[in-house]
Visitor: 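The structure under discussion is supplied below as structure tokens; questions concerning it will follow.
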Amino acid sequence: MSLDKAYAPKPVEERWISAWKTAGLFSPKPQPGAGPKFVVVIPPPNVTGALHLGHALNNTLQDVLVRWRRMSGDQTCWVPGTDHGGIATQNVMEKQLKAENLSRHDLGRDKFLERMRDWTRECKKTILGQLEKLGCALDFSREAFTMDEARGRSVRAAFKVLWDKGLIYRGLRMVNWCVRCGTALSDIEVEYEERKGRLWHIHYPLADNSEGVMVATTRPETLLGDTAVAVNPKDARYAHLIGKKLRLPLLGREIPVVADEVVDMEFGTGAVKVTPAHDPADFEIGERHSLPSITVISLDGHIAAEGGLYAGLSREQARQKIVEDLKASALLRKEEDYRHSVGVCYRCASPIEPLVSPQWFVSMKDLARPALEALDGGSFAIRPENWAKPYRDWLSGIKDWCVSRQIWWGHRIPVWYCLDCNDLSSRPFHQAGDLKGVVSDEKPAACPYCRSQEGNFMQDPDVLDTWFSSSLWPMSVFGWPEKTRDFEAYYPTSVLVTGYEIIYLWVARMQMMGLEFTGRPPFSTAVIHGIVRDKSGRKMSKSLGNVVDPLVLMDKFGTDALRFSLMRDARLGKDIHFSEETVAGSRNFVNKIWNTARFALMNLPETPGRAYSLDESDPQAPLELADRWILSRYEALSEEVAARMGAFEVAEAAESIYGFLWDEFCDWYVELAKIRLSGADEKAKDACRSILVHVLSGTLKMLHPFMPFITEELYAQLKPYAGERADFLLAAGFSKAAPRWRDAAAEERMSAVMEITGSIRALRAQLNVPPGLKIRAVAIGGNPETRALAQERTDYIQVLARLGEVEFSPVQESRQPQSATALARGMTFLIPLAGVIDFAKERARLEKELAKADSDVKKIAAKAENPDFLKHARAEEVETARAQYRAALERKSRLEETLSSVLN
RNA sequence: GGGCCGUUAGCUCAGCGGUGGAGCGUCCGCCUUACACGCGGAAGGCCGCAGGUUCGAAUCCUGCACGGCCCACCA
């Protein structure tokens with residue numbers, strides 16, 4: 001068997017992807033009653049384009065959990081899919097059309113949707129291909145799409161149930177309107193940005209042209225729709241004006257001064273212009289004072305007919321013109337720069353226009369209550385826990401959900417109007433508030449209101465918010481509302497892995513819907529991760545030009561490397577500052593693993609004669625210190641990693657495995673194994689081989705969820721030596737825990753060896769002893785155990801520190817002229833180096849060590865000699881401190897001795 | 001205005017009550033037959049600031065400053 005010197009990911013990845021697929025590895029059949037289940041549904045990526053690093057993070061995290069649980073013995077099921085993505089996807093298509101100088105209206109609804117479906121088909125292919133390439137153990141036979149036929153049935157069923165319960169209603173309400181997208185948005189789809197604007201102070205004279213009040217506004221164009229000016233009832237400045245009429249500038253309309261608590265006396269002039277049709281706060285003032293509401297900005301963002309001579313202007317043009325006209329009429333009294341937060345569309349970032357229009361709503365209060373109870377009762381948990389509070393707060397203050405969108409791409413609202421009894425022609429659809437509708441999947445045969453059988457039915461033109469179908473996802477992917485076997489077997493799911501930015505948009509709504517329709521939370525834990533940002537912490541965006549394509553990274557460093565670096569940084573809930581260097585680091589680690597296996601295989605017989613198993617009661621060869629140490633460390637690692645994974649602390653688990661494999665296994669164990677492997681003692685060799693096979697294959701298993709490809713590749717080579725037959729690591733599962741291998745004594749002894757080695761290595765490096773030179777050493781001092789250990793394991797120290805002969809001198813003050821000195825664990829290693837080293841350097845080095853020892857002594861003395869410490873600290877704490885103090889003193893005095901005598 | 005998170009080595013981040021850690025970068029030395037995507041060594045920290053609790057605080061508490069998110073009807 002021979003492996004290349006450097007790992008080449010591409011062919012390995014391709015080979016295993018196809019092997020997994022051929023074996024149907026990710027589509028295990030549900031086995032009734034066979035052990036715990038672990039079910040995950042993918043957060044379906046929008047079909048807006050290719051996947052980005054955030055998707056890579058999200059899906060790798062899920063894959064790690066799924067693979068881990070599968071190897072732990074759970075029945076797992078991970079469902080893939082994509083989301084039609086409503087406005088976002090429609091915008092992508094509209095951009096494409098724009099490049100062809102077309103609008104969606106040029107195509108018409110049917111043609112447009114056809115193009116959307118074509119695009120979606122391609123996009124799904126891309127996304128699923130990328131997920132496969134990422135190595136995701138998704139059951140591709142279950143692929144779902146939020147707008148396919150089955151999901152359509154779920155959506156319509158949910159709508160019907162909510163309708164029948166009176167939880168869905170249509171009403172004329174003030175909503176967030178995106179002028180650019182031409183649709184209403186829900187409250188949480190509005191983002192607030194600090195933007196620089198201006199604050200205009202406008203004088204509103206009294207109707208008789210005497211005095212008047214000054215108001216401040218950031219949106220002067222809304223003046224056209226003003227129907228009052230409001231002041232605080234307690235405001236002495238304006239008390240005499242309450243009830244009087246003002247003359248609205250430019251239009252001349254008379255409007256009243258009203259008193260309302262909501263007005264802040266401190267802010268601006270203390271008087272507010274009230275535009276009920278175009279501001280949510282003003283809308284409420286209008287309700288309280290029965291003010292008329294005049295719509296002056298229409299759905300397309302232009303000034304409506306009521307805007308007089310401004311009608312037809314865009315809102316931007318109107319603002320400019322109105323400011324000019326106010327200036328001309330000397331009513332504009334002040335104009336200042338003003339930074340304030342502006343609501344913008346989460347999909348296109350253009351400013352939101354609050355306006356009144358007929359929309360569909362879901363009444364949320366009753367749905368939120370069970371979700372809150374699930375959280376408080378523990379049937380649903382959020383990790384990390386600090387997200388529970390914002391989640392709870394949001395649910396507690398929940399408002400009704402505007403679910404209608406005036407776009408074409410989405411689930412059409414399943415409501416029909418009879419043209420024979422609904423007068424749609426005289427009431428343009430979007431202006432009507434009280435149409436009689438029939439909720440139905442298909443066009444009804446007869447009108448229940450007028451009994452007409454003419455079939456003059458028209459479906460509501462609106463579509464549902466894309467998040468409506470998303471909220472049903474954990475149910476709909478298994479066929480709900482039908483009682484399918486899959487639904488029985490896999491609902492509710494186990495964990496949901498997603499980013500914190502969609503906790504309200506998605507997580508909360510899934511909880512509410514799941515509880516409403518099934519009485520059970522759709523998943524018992526939400527695992528929340530952060531956002532992938534660039535190196536300097538900025539969000540990745542096309543406009544900043546800092547987006548990184550995961551495919552490019554996978555191509556350059558390998559998929560395992562990309563996955564591992566994402567996982568190493570994926571601390572729950574924390575953002576990742578991503579840099580390519582960390583992927584290079586992971587690539588190096590992957591290569592390290594490759595070479596470790598190469599080393600092991602080089603030292604195993606060409607054809608596996610027998611299995612090197614430690615499970616046999618009678619080991620084939622005697623184990624020695626290094627073996628017992630690495631086994632102990634390996635067991636400790638297994639336990640720690642299992643605990644971490646159970647708590648979803650994936651990053652911590654990854655870090656631990658990294659440290660174990662590189663620092664302990666490679667840098668220490670493998671180096672020591674070389675002693676026996678290069679010798680002639682077959683029994684000793686077999687002992688080493690057993691350990692190498694056992695620890696390496698076990699570590700590969702632990703790593704498999706993180707880096708599925710290289711581990712599969714190497715395990716395939718190693719498994720005959722481990723006596724295992726499974727074709728894939730997922731099928732092989734983890735080895736049983738073996739706590740009997742924990743060995744504190746071996747760990748302690750090995751750490752002494754490491755310390756001694758370290759001090760001699762440091763001496764060599766600092767004194768520039770030629771690395772190839774095998775130097776002689778004289779060992780003196782030390783307590784009996786350490787001394788015995790050093791004598792027993794001289795071979796370790798010789799190999800690790802590249803020593804020649806080591807002489808154990810019984811004489812405490814053994815004189816070795818012209819020696820350098822290494823101190824460790826109470827032992828002194830004198831290294832005669834006349835002619836090799838510069839003794840001035842050695843003196844300087846020792847003086848520095850002495851200074852360090854001295855400061856150590858002082859630090860520990862501050863504790864160990866402190867009567868308060870001795871009085872209050874726990875006994876074992878005191879004991880430890882005393883021991884440390886003794887050791888520090890001992891070291892210091894030895895250094896002093898050395899400096900005064902040996903060096904002379 | 002409220003809430004959450006962060007502030008530790010040049011950079012990215014662990015540590016969360018007992019003599020300050022990792023990776024990358026830097027410096028010195030090594031092609032030591034698994035790996036130069038490597039090995040050994042080293043330099044580099046008033047652990048944001050100020051109080052408090054404690055025998056003892058990077059770690060717990062309280063304020064403050066700075067940075068970042070989220071929420072809220074500031075015209």
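Predicted, not measured: the structure shown is a model, and the values here were computed from it. In what follows, every chain begins at residue 1, and chains take the letters A, B, ... in the order their sequences are listed.
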Visitor: Under 4.0 Å between any heavy atoms, over every strand shown, what does A:F578 touch: base, sugar-phosphate, or nothing? Just pick one.
Guide: nothing
Visitor: Think A:H340 has a side-chain N or O under 4.0 angstrom from the OP1 or OP2 of B:C74?
Guide: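 No.
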Visitor: Tabulate protein N/O versus nucleotide N/O from nucleotides 31-34 of chain B, keeping only pairs under 3.5 Å, one per line.
Guide:
unit_1 : atom_1 : unit_2 : atom_2 : d
B:U32  : O2'    : A:R802 : NH2    : 3.4
B:A34  : OP1    : A:K674 : NZ     : 3.3
B:A34  : O3'    : A:R598 : NH2    : 3.1
B:A34  : O2'    : A:N595 : OD1    : 2.6
B:A34  : O2'    : A:R598 : NE     : 3.1
B:A34  : O2'    : A:R598 : NH2    : 2.8
B:A34  : N7     : A:K674 : NZ     : 3.4
B:A34  : N6     : A:C666 : O      : 3.3
B:A34  : N6     : A:E671 : OE2    : 3.4
B:A34  : N3     : A:N595 : O      : 3.1
B:A34  : N3     : A:T596 : N      : 3.4

Visitor: Reckon A:Q766 has a side-chain N or O less than 4.0 Å from the OP1 or OP2 of B:A42?
Guide: yes
Visitor: May I ask you to decide whether A:R891 forms a salt bridge with A:E849, counting only side-chain N to carboxylate O separations under 4.0 Å?
Guide: yes
Visitor: Check this for me, if you would: do A:E755 and A:R825 make a salt bridge, where the nitrogen-to-carboxylate-oxygen distance has to be below 4.0 angstrom?
Guide: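 So A:E755 pairs with A:R825 through a salt bridge.
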Visitor: Would you indicate, yes or no, if B:A14 has its OP1 or OP2 atom less than 4.0 angstrom from a side-chain nitrogen or oxygen of A:K574?
Guide: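 Answer is yes, contact under 4.0 Å.
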Visitor: What is the distance, rounded to the nearest whole Å, between atom CG of A:L773 and atom P of B:G41?
Guide: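 Taking CG of A:L773 and P of B:G41, I get 18 Å after rounding.
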Visitor: Return no unless some side-chain N or O of A:W387 is found under 4.0 Å from OP1 or OP2 of B:C71.
Guide: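 Answer no for this pair, as no side-chain N or O of A:W387 is under 4.0 Å from OP1 or OP2.
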Visitor: Would you mind classifying the nucleic acid contact of A:Y338 as base, sugar-phosphate or nothing, using non-hydrogen atoms under 4.0 angstrom?
Guide: sugar-phosphate
Visitor: So that I can tick it off, tell me whether A:K674 and A:E671 are bridged by a salt bridge, with the cut-off set at under 4.0 angstrom between side-chain N and carboxylate O.
Guide: yes
Visitor: Can a side chain N or O of A:Y192 be found less than 4.0 Å away from OP1 or OP2 on B:C70?
Guide: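 Checking B:C70 against A:Y192, no side-chain N or O comes under 4.0 Å of OP1 or OP2.
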Visitor: Counting the atoms with a prime plus P, OP1 and OP2 as sugar-phosphate, which does A:D856 contact under 4.0 Å by heavy atoms, base, sugar-phosphate, or nothing?
Guide: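 A:D856: base contact, heavy atoms under 4.0 Å.
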Visitor: So, A:R571 and A:E655, do they make that salt bridge, N to O below 4.0 Å?
Guide: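 Salt bridge absent between A:R571 and A:E655.
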Visitor: Touch check for A:K389, heavy atoms < 4.0 angstrom, all strands: base, sugar-phosphate only, or nothing?
Guide: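 Sugar-phosphate, backbone atoms only, no base.
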Visitor: Measure the spacing between CZ of A:F564 and CD1 of A:I593 and express it to the nearest 0.5 Å.
Guide: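 It comes to 7.0 Å.
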Visitor: At under 4.0 Å between heavy atoms, what does A:R587 touch on the DNA or RNA strands: base, sugar-phosphate, or nothing?
Guide: base
Visitor: Do A:R761 and A:W668 form a cation-pi contact, if we require the NZ or CZ to be under 6.0 Å from the six-membered ring centre and within 45 degrees of the ring's axis?
Guide: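 Yes, A:R761 sits over the ring of A:W668.
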Visitor: Reckon A:W662 touches a base, only the sugar-phosphate, or nothing at all at heavy-atom distances under 4.0 Å?
Guide: sugar-phosphate
Visitor: For B:G38 and A:N588 - does any side-chain N or O of the residue sit under 4.0 Å from the phosphate oxygens OP1/OP2?
Guide: yes
Visitor: By the 4.0 Å heavy-atom rule, please label A:K399 as base, sugar-phosphate, or nothing.
Guide: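 Answer is sugar-phosphate: A:K399 comes under 4.0 Å of backbone atoms only.
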Visitor: For A:R571, answer base if it contacts any base atom (sugar-phosphate contacts may also be present), sugar-phosphate if it contacts only those atoms, and nothing otherwise; contact means non-hydrogen atoms under 4.0 Å.
Guide: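 A:R571: backbone/sugar contact only, no base atoms under 4.0 Å.
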Visitor: Under 4.0 Å between any heavy atoms, over every strand shown, what does A:V274 touch: base, sugar-phosphate, or nothing? Just pick one.
Guide: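 Contact class for A:V274: none.
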Visitor: NA contact type, A:D264, heavy-atom cut-off 4.0 Å: base, sugar-phosphate, or nothing?
Guide: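 If one applies the 4.0 Å heavy-atom cut-off, A:D264 turns out to touch a base.
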